[in-house]
Structures are given as structure tokens and as C-alpha cells.
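The structure appears right after this line, and notes come after that.
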Protein chains: 4
Amino acid sequence: MPDEPHPLHEPAPRWRRRKEARPQEIVAAAMDVFAERGFAAAKLDEVAGRAGVSKGTLYLYFPNKEELFKAVIRAAILPNLEEAERMLAADDGPSFALLERLLTMVAERVLTTRIAVVPKLVIAEAGNFPELAAFYHREVISRGFALLAGLLRRGIARGEFRPVEVEHTVRLIVAPLLFGAIWRSSFEAAVEGGPLDLRGLVAAHLDHLRRALRPEGGPS
Amino acid sequence: MPDEPHPLHEPAPRWRRRKEARPQEIVAAAMDVFAERGFAAAKLDEVAGRAGVSKGTLYLYFPNKEELFKAVIRAAILPNLEEAERMLAADDGPSFALLERLLTMVAERVLTTRIAVVPKLVIAEAGNFPELAAFYHREVISRGFALLAGLLRRGIARGEFRPVEVEHTVRLIVAPLLFGAIWRSSFEAAVEGGPLDLRGLVAAHLDHLRRALRPEGGPS
Amino acid sequence: MPDEPHPLHEPAPRWRRRKEARPQEIVAAAMDVFAERGFAAAKLDEVAGRAGVSKGTLYLYFPNKEELFKAVIRAAILPNLEEAERMLAADDGPSFALLERLLTMVAERVLTTRIAVVPKLVIAEAGNFPELAAFYHREVISRGFALLAGLLRRGIARGEFRPVEVEHTVRLIVAPLLFGAIWRSSFEAAVEGGPLDLRGLVAAHLDHLRRALRPEGGPS
Amino acid sequence: MPDEPHPLHEPAPRWRRRKEARPQEIVAAAMDVFAERGFAAAKLDEVAGRAGVSKGTLYLYFPNKEELFKAVIRAAILPNLEEAERMLAADDGPSFALLERLLTMVAERVLTTRIAVVPKLVIAEAGNFPELAAFYHREVISRGFALLAGLLRRGIARGEFRPVEVEHTVRLIVAPLLFGAIWRSSFEAAVEGGPLDLRGLVAAHLDHLRRALRPEGGPS
DNA sequence: AATGAATGAGAATTCATTCAT
DNA sequence: AATGAATGAATTCTCATTCAT
């Protein structure tokens with residue numbers, strides 16, 4: 001253990017910090033490569049190259065390609081989901097405004113982070129890694145759906161929304177965001193005609209949702 | 001031999017017939033394997049095995065794995081799209097009823113045929129085969145979008161729909177069907193909790209759409 | 001046997017003639033392909049295509065690729081060698097003049113027929129087909145060398161040539177022709193700078209030979 | 001390990017050393033296999049086996065079979081040619097003596113090294129690898145011919161040789177050596193009757209050449 | 001005699017994983 | 001902790017050969 005020669009309170013020397021950051025650097029590089037190529041076509045050589053380490057080093061942190069893949073998925077998702085849960089727990093205002101903030105936040109993330117590739121990766125590999133699909137379903141989809149279902153039920157209870165079928169509506173709310181993520185990660189590069197106007201799409205979606213959720217005889 | 005419904009008095013031209021059927025048999029087997037594994041993880045050995053031919057035979061009909069993949073995508077898609085276009089061209093009734101029939105038909109196809117796997121495959125491999133993505137975009141997405149856009153514009157012109165932003169609305173209409181196809185091909189097998197109620201989802205979607213598209217001051 | 005309906009003395013119908021010519025047509029096509037690609041890289045598909053028959057037909061006349069190869073070598077060589085032997089047997093004139101006619105004839109053949117490729121083929125495949133090499137050595141090289149050795153010995157006995165070491169001289173006489181054949185079949189196509197002037201080369205060779213074989217104190 | 005002549009005090013950098021030697025070991029093994037089988041029939045499995053490495057290791061050093069083949073040709077040729085050029089540049093003695101030393105040296109190399117197989121390989125594969133043929137022509141044949149042409153012109157200018165046609169004579173000088181190389185690499189193994197007496201052949205060739213190049217009215 | 005669809009053994013190449021240093 | 005040389009199993013693709021028609 002020759003790497004702890006320094007007393008406390010001293011700024012950690014750069015290379016020590018790197019050492020601790022290694023796993024994250026590798027995960028970040030892997031995310032890029034998996035995003036571009038998919039799981040099977042991604043080469044660990046390339047991951048190592050982009051992470052600035054040797055191929056062997058990958059195996060110091062991840063037992064194999066599959067676990068690295070799972071780590072990528074987990075790393076991309078959990079912080080976002082936790083933030084969304086915090087947001088909903090902390091907000092007790094009008095339900096539609098909350099829905100609005102939620103969708104807008106997700107759209108922003110899809111546009112500005114690499115999280116958009118996660119659905120694509122999970123969709124593509126669900127058949128080859130059923131446990132990964134189950135994990136994703138349990139940790140991401142179910143939690144996300146539950147969160148939205150809670151929001152809807154609250155709005156219905158308060159009379160803000162008409163009494164829609166919650167389970168279906170949750171999926172209808174999510175679908176356009178999934179569409180956006182998939183578009184960004186699969187078609188944007190291969191297709192002319194400029195990027196998808198995801199902000200406009202979400203605005204239109206919210207416009208539709210407002211009308212669709214409006215209590216029957218209620219005010220516009 | 002077991003696929004011959006007219007047994008009598010025929011000189012049993014087994015081979016001739018097979019030769020003509022071979023490409024389709026291979027494409028069907030390939031569709032299954034690609035659907036289960038994705039492009040890269042699909043083994044031609046397995047395709048050959050399921051098609052009941054030897055590995056070499058694949059190469060009599062398709063020059064390589066990639067072309068076989070493209071043939072699978074094309075074979076799955078074109079007939080469906082053509083039918084949808086025929087349906088719309090032939091119908092001049094109320095626009096929402098037409099939309100209803102269209103979405104219902106697509107949902108039925110997603111539920112009862114293997115077409116649901118096509119989006120998953122294209123999404124997964126768009127990065128590795130940009131021309132495939134471009135082909136799919138051109139031949140499927142653009143045509144499908146154009147078809148829906150025409151329907152919307154007609155409805156707006158006739159006063160059946162409020163003047164929505166057509167391009168966004170097209171995507172909002174499609175998104176839940178994409179969600180359904182992806183769910184079926186990626187999560188249904190890996191997840192407990194029963195299959196997605198796609199018919200119910202589409203019904204709810206149509207319910208929402210009716211409200212969202214309803215002209216402003218129109219009848220409830 | 002529906003192919004003998006015609007009485008005698010009638011010109012054979014074309015397609016019957018073709019049938020008898022098949023083996024030679026195949027050998028001719030095979031010679032072209034082997035010459036271009038070598039044995040291993042030659043594809044029977046291509047041979048069949050150039051011969052205007054199907055792949056299966058090749059196997060009606062030749063049991064396998066190797067035998068077809070041998071047939072090509074044999075067909076190219078034997079007639080030429082027999083002619084040379086006839087030429088020498090029939091001629092009893094001055095030995096150098098005979099040598100002159102012999103080398104000139106061979107050079108003409110190398111320039112105007114496809115026989116030039118035979119040495120290249122045998123050289124290339126001797127390692128893979130030792131019996132072919134042995135056959136070629138026995139039937140072509142040995143016979144050719146014996147023929148030249150006889151000529152030299154006759155010239156020496158008659159005092160036309162100085163008493164050279166016959167075995168070496170035979171090889172020295174042949175080497176430039178081998179050079180010419182190899183050049184034509186291997187380098188001419190791949191190299192700029194125009195074809196080899198084989199006639200000039202043989203003339204120079206004969207000039208050198210006249211001087212080299214001239215009896216010691218003899219006339220210039 | 002057994003190839004280390006300085007055993008003491010060395011930190012036994014087995015691997016480092018091997019790494020540097022690997023390409024040459026592989027090229028040497030490949031030369032043997034290509035020599036025996038020709039390019040197409042050579043199996044990389046066998047090359048790897050003879051080099052004492054695994055198949056995959058070949059690809060660490062050479063991108064494919066073709067490049068390995070070219071490396072073999074290059075490795076065999078360049079040192080020899082450079083030496084011949086040095087020899088000529090350094091010698092200003094009688095031209096025929098120099099020619100004698102040159103041919104003798106080449107014959108020695110043909111007899112004692114594996115360089116004899118190079119012409120056979122190039123001849124065999126010129127049709128399949130025209131660039132290789134062009135490379136060989138440019139780097140070996142042209143340089144070799146230029147070297148001999150220079151020698152001849154010098155001898156003619158000095159009155160040591162009669163004014164022969166230089167371009168043809170160069171080829172006549174080379175042809176028996178080519179004959180020897182081809183014999184050794186293609187027929188010696190397949191044919192009874194003992195090896196070719198190449199030294200005797202070259203002696204006879206030089207004897208002929210002396211007479212053929214002797215100035216017209218010169219001394220015997 | 002002729003065809004050409006079908007076969008399957010065989011070869012080149014790739015790449016995740018290991019391990020001596 | 002890090003390296004990167006080495007491995008070899010796995011996979012695509014080729015092509016001589018067979019054989020039902």
C-alpha cells in the first residue's frame with residue numbers, strides 16, 4: 001500500500017485523486033462506447049483507450065464486460081431518479097404544474113446529458129440480459145411509474161384531473177419522452193433534417209395533457 | 001412435404017417449390033433470431049438451424065449477415081405500411097374515426113405479428129448501420145408521419161380538429177404505439193406482472209386524443 | 001440415347017459436336033483461370049462460367065479440381081514436346097542451326113500461346129502436388145533435357161561444338177526461355193515498361209551460345 | 001530463455017526481449033510455410049504453430065495474411081540486395097572478376113539460405129497481388145538489373161567486354177540463377193536424382209560468359 | 001448428360017479475458 | 001495498481017463436392 005504516505009488535510013496529489021476516480025472515468029468512457037455501438041459491438045479496447053487506461057485495468061474494477069455494462073446503466077439512472085423523487089416529495093402545489101416541471105426537467109436531461117442512450121441500450125439488450133431488464137424495470141420503470149401514478153391520483157383526488165385510468169395514463173405521459181430519447185440516440189445522427197425539437201414536443205404534449213386531464217365540466 | 005395442401009396427382013416438385021420459398025423461410029428464421037438476440041449476438045448458425053438449412057445455404061440468398069438483416073427489416077415493414085396507406089386513401093369518413101381505425105389496426109399488428117421487434121432492432125443498430133437507419137427513416141418513419149400529418153391537416157381543414165401543431169402531434173400520436181412495441185419486444189419476457197394491455201392503452205390514448213384535438217368551443 | 005438419330009456421312013449437328021468438345025472447352029477455360037489465379041485461388045465456379053457449363057458438369061469429366069489441374073498441364077505440354085522431338089529426329093543438318101530453330105520455335109510458342117503459364121503453375125504448386133512435379137519432371141523436363149543433350153553430344157562428336165559439360169549446358173540453354181515464360185506470365189501485366197522483347201533476347205542468347213560453344217581454335 | 005548468451009546479472013527481461021523478437025520469429029515461420037505451400041494454401045494455424053505462438057498473436061504484429069506475406073518477401077530480399085550493391089560499389093577491379101564474385105555469392109545464398117523460395121512465391125502470386133509484383137519488380141528486379149547493367153557498361157567502356165546489347169545480356173546473366181532458385185524450391189524435393197549442382201552450373205555459366213563477352217579480336 | 005441447390009468442412013479474423021511482469 | 005502481450009474460443013464467410021431432379 002505505498003499510496004498513503006501523506007498526512008491528513010493535505011490536498012490529495014493529483015494521481016491519487018485519479019486513482020479514486022478511475023471507476024467513474026471508465027464508466028463514462030464505457031457509456032460513450034456502448035451508446036455508439038451497443039453492447040455486443042462495443043470493444044473493451046476502445047473503452048480502455050477512451051478512459052486512458054490499459055485493457056487490463058478494466059478488469060481491476062469490473063469483473064467482465066457485462067458487469068461494466070450494468071454499472072453504466074446504474075450510474076446513469078439512479079441519480080436522476082432520486083432527484084425526481086425528491087422533487088415530487090417536496091412539492092405540494094397544483095398537480096399539473098408539478099407534472100409540467102417534471103416533464104420539462106426530464107426533457108432537459110434527455111437533451112443535455114447522455115442519459116438518453118440508456119433506454120436504447122436496455123431495449124437492445126433486454127433479450128440477452130433478462131436480469132438487466134428486470135433490474136431496470138424494478139429500479140427505474142416501476143419507480144418512475146409509481147411516482148407518476150401517485151401524482152395522478154393526488155390530482156384526481158383533489159379534483160384537478162378527471163378520473164382517468166391511472167395505469168394507462170402514466171404510460172401515455174411517458175411515451176413521448178421515450179420517443180424523444182430514442183430519437184436522439186438512434187436517429188438524429190443518421191438522418192438529415194435537423195434535430196428533434198424536444199422542448200416543443202413536450203410543450204405540445206403538456207398542452208394535450210392539460211386538455212385530456214381537465215375535469216369534465218371544469219374551467220378551461 | 002408437410003406444407004402441401006394439394007396432395008393428389010401432383011408430381012411432388014419438392015425442390016422447385018422449396019427454392020422459391022427458401023428466402024422467405026430464411027428471413028422468417030432470421031427475424032426470430034435477430035428479435036431474440038439483436039444483430040450482433042445473432043448467430044447465423046442458429047438462423048440456418050431454425051430455417052432448416054445449412055449455413056452455406058444462407059449465402060446462396062444473402063451475400064452477408066448485414067444484407068440478411070436489412071431483408072428482415074424490409075420484409076416486416078413494407079407490407080404493413082402499404083396497407084396503412086391504402087386504408088387512408090380509401091377512407092373519406094370522419095377524421096377521428098379514421099384515426100381510431102388506424103391506431104387500432106397498428107395495435108393489433110403489434111400484438112399479433114412479429115412486427116413489434118422491428119423498432120427495437122432498428123433502434124439498437126442505428127448506430128452501427130447508419131444507412132439502415134436512414135432507410136428506415138425514409139421508408140417507414142417519414143411515410144408514416146406524412147400519412148398521419150395528412151390526416152390531421154384534413155381534420156383541421158374540415159373543422160373536426162382544433163388547429164394543433166401538426167408535426168408535434170404526429171409524434172404524440174405515434175409515441176404510445178412505439179412504447180407498446182418496445183414493451184412487447186423488450187420487457188414482456190423479462191418481467192413478471194403480465195403483458196401490457198395494449199388495447200386498453202390505445203383506447204385510453206384515443207380518449208385523450210379526442211379531448212386534446214377537440215375544437216376549442218366545440219361540443220363536449 | 002436420343003442423340004444418334006442421324007445416318008452416316010451427315011455433318012454432325014452442332015450440339016453433338018459440342019458434347020465431344022466439352023472436355024477440351026473445360027480444360028481451356030480452366031487453363032485461363034489457373035493461369036490468372038494459381039491453383040488454390042482458382043474457383044471452379046469461374047471455370048464453369050467461362051466454359052459455359054454448370055459447376056456440376058465439370059465433375060462429369062474430371063473427378064476433382066486436382067485432376068482438372070493436371071489435365072490442363074498435360075494438355076498444354078505434350079503436343080509441343082512431341083513436335084520438338086519430331087523436329088529433332090527429322091533434322092540432320094548443322095547442329096547450331098538446329099538449336100537455333102528449336103529455340104526460336106519455343107520462343108514463338110511462349111509468345112503466341114498460353115503455354116507460358118505452365119511453368120509458373122508447376123513451379124507454384126510443386127510443393128502441394130509432388131506427384132505433379134514428378135510427372136512434369138519426367139514427361140517434360142527430362143525429355144526436353146535429353147533432347148538437348150542429344151543435340152549437344154552430336155555437335156560435339158561432329159566437332160561443331162567444343163566439348164562442354166553437357167548437363168550444365170543444357171540448363172544454360174533452357175534458362176533464358178524459362179525466364180521469358182515466367183516474365184510473360186507473372187510480371188508483364190503488373191509492371192509498366194512494355195513487354196519483354198523475347199525474340200531479341202533469344203537472338204542475343206544464340207549469339208552468346210555460338211561464341212560459347214565454338215570449338216577452341218575454330219573459325220570465328 | 002535458451003537464447004540468452006549473457007546469463008549473469010541480468011534481470012531476465014524474458015518478455016521484453018521476446019516482444020522485440022516476435023515479429024522476426026513469425027516472419028521466419030511464415031517464410032517456411034509459404035515456401036512449402038504457397039500463399040493460398042498456407043494456413044496461419046501452421047505459421048503460428050511453427051512460430052510457437054497462438055493464432056491471435058499473429059494479428060498483434062501483422063494486420064492480415066497478405067501483409068504477413070509481404071513482410072516475408074521484404075525481409076528476405078532487402079538485406080541481400082543491399083549487400084550486393086555495397087559489393088559492387090566497393091570494387092573497382094577487373095569487371096569479369098567482379099561478375100564472377102557476384103554470381104558466386106548469389107549462388108551461395110541460393111544454396112544456403114531460404115531466399116531461393118522468394119522468386120517462386122512472387123511468381124506464383126503476382127497475378128493475385130499485382131502490387132506485390134510491382135513492388136518486387138521495382139525494389140528487386142530493377143535494382144538488380146541496373147546493377148548488372150552498370151557492371152556491363154563499365155566493362156565495355158574499359159574494353160574488357162565486347163559491345164554486347166546490355167539489356168538482353170543482363171537477363172541472360174540472371175536467368176541461370178533464377179533457374180537454380182526455382183529448381184531448388186520447386187523440384188528438388190519432388191524429384192529423385194540428387195540436388196542440382198548449382199556451383200557447377202554457375203561455373204559453366206561463367207565459362208560461357210567469359211567466351212561470349214570476350215572482345216572480338218582479343219586474346220583467347 | 002446436365003443442372004444448380006445444398007452442403008459442411010475449413011480458414012481467416014476478432015476480441016473478451018488472463019497473467020507475468 | 002497497472003500494463004499489454006498472449007491466448008483461443010467463437011463466428012463469419014468460402015468453395016469444392018454431392019446429388020435429386
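Chain letters run A, B, ... following the sequence lines, proteins first and then strands; every chain starts at 1.
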So which nucleotide does F/dT14 pair with, by the Watson-Crick or G-U wobble rule with both distances under 3.5 Å?
E/dA9
Identify the nucleotide, in any strand shown, that forms a Watson-Crick or G-U wobble pair with E/dT18, with both distances under 3.5 Å; if there is none, say none.
F/dA5
Find the distance [X]:[atom1] to [N]:[atom2] and express it as a whole number of Å.
X	N	atom1	atom2	value
A/Leu58	E/dT17	CG	P	10 Å
B/Arg22	E/dG4	CZ	C1'	13 Å
A/Tyr59	E/dA20	OH	P	17 Å
C/Arg37	F/dT14	CZ	C1'	14 Å
B/Asp45	E/dG10	CG	P	15 Å
B/Glu66	F/dT11	CD	P	19 Å
D/Leu44	E/dT13	CG	P	6 Å
B/Asn64	F/dT11	CG	P	18 Å

At under 4.0 Å between heavy atoms, what does [X] touch on the DNA or RNA strands: base, sugar-phosphate, or nothing?
X	result
B/Ala42	sugar-phosphate
C/Leu60	base
B/Lys43	sugar-phosphate

Side-chain N or O of D/Thr57 less than 4.0 angstrom from OP1 or OP2 on F/dA6?
no
For B/Tyr61 and E/dA6, is the shortest distance between a side-chain N/O and OP1 or OP2 below 4.0 Å?
yes
May I ask you to decide whether [X] forms a salt bridge with [Y], counting only side-chain N to carboxylate O separations under 4.0 Å?
X	Y	value
C/Lys120	D/Glu125	no
B/Lys70	B/Glu67	yes
D/Glu25	D/Arg22	yes

Checking side chain to side chain contact (heavy atoms under 4.5 Å, CB included) for the pair A/Phe69/A/Leu132: CA distance, chi angles, key distance, verdict?
CA-CA 9 Å; A/Phe69 183 64; A/Leu132 178 74; 3.1 Å; yes
Where the side chain of D/Ser185 meets the backbone of D/Val117, is there a donor-acceptor pair that is under 3.5 Å apart?
no
For A/Phe39 and for D/Ala40, locate the closest nucleotide of DNA chain E by heavy-atom distance; then report the residue assigned to the nucleotide nearer the 5' terminus.
D/Ala40
DNA chain E: D/Lys55 or C/Lys55, which has the more 5' nearest nucleotide?
C/Lys55
Of the nucleotides F/dT3, F/dT17, F/dC13, which one has an atom closest to the side chain of A/Val53?
F/dT3
Which is more 5' along DNA chain F, the nucleotide nearest B/Gly56 or the one nearest C/Gly56? Just name the residue.
B/Gly56
